[in-house]
Amino acid sequence: MFELPINQHGTVFQKEVWNELMQIPFGRTISYLELARKTGDSKATRAVANANGKNNVCIIVPCHRVIGANKELVGYSGGLWRKKWMLEHEAKLAYGVQTLF
């Protein structure tokens with residue numbers, strides 16, 4: 001986890017989502033639904049996905065750790081191949097796992 005001051009410009013809701021992203025442990029993933037629940041509204045998955053996409057510091061605020069409810073890789077502005085690589089790299093470092101997807 002990075003520890004440095006971050007001041008992204010966004011709505012209160014976006015900042016809440018970005019804060020929740022910072023709580024996802026290295027090498028772990030959660031679904032958009034789980035992330036929406038953490039913001040207090042399980043029906044806000046699209047809003048959460050939109051806020052996730054507005055994140056301007058993708059490595060530091062780890063939006064790549066959010067996956068679909070069906071455990072599939074979905075939505076990443078850098079391309080799904082990068083998202084897959086980052087998740088597998090983290091899993092390998094954290095748990096010695098070679099592949100997740």
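For residues 4-25, no pair satisfies ring-ring contact (aromatic ring centres under 6.0 Å, His included), with sequence neighbours left out. Legend: salt bridge (charged side-chain N to carboxylate O under 4.0 Å, His left out) pairs involving residues 47-70, not counting sequence neighbours, sorted by first then second residue: R65-E90. Every pair passing ring-ring contact (aromatic ring centres under 6.0 Å, His included) that includes a residue from residues 56-86 is listed here, sequence neighbours excluded: W85-H89.
The nearest pair of heavy atoms linking N52 to C63 is OD1-CB, 2.9 Å. Nearest heavy atoms, I6 versus V61: CD1-CG2, 4.0 Å. Minimum heavy-atom separation, I60 to M22: O-SD, 3.2 Å. Here the closest heavy-atom approach between residue L73 and residue L80 is recorded as O-CD1, 3.8 Å.
Considering only residues two or more places apart in sequence or on other chains, R28 meets the side chain to side chain donor-acceptor pair (under 3.5 Å) condition with Y95. For Q8, the side chain to side chain donor-acceptor pair (under 3.5 Å) partners two or more places apart in sequence, or in a different chain, are N55.
Under the 3.5 Å distance criterion, the side-chain polar atoms of Q14 are matched with a main-chain donor or acceptor of T11. Counting only distance, with no hydrogens or angles, the side chain of K84 and the backbone of G79 share no donor-acceptor pair below 3.5 Å. A donor-acceptor pair under 3.5 Å links the side-chain atoms of Q23 to the main chain of N19, judged by distance alone.
With values rounded to the nearest 0.5 angstrom, T29 atom OG1 is found 6.0 Å from K71 atom NZ. From I67, atom CD1 reaches atom OH of Y32 across 9.5 Å, with rounding to the nearest 0.5 Å.
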Contacts table for residues 33-48: side-chain donor-acceptor under 3.5 angstrom, sequence neighbours left out:
from: E34; atom 1: OE2; to: S31; atom 2: N; distance (Å): 2.8
from: E34; atom 1: OE2; to: S31; atom 2: OG; distance (Å): 3.3
from: T39; atom 1: OG1; to: A36; atom 2: O; distance (Å): 2.6
from: D41; atom 1: OD1; to: K43; atom 2: N; distance (Å): 2.9

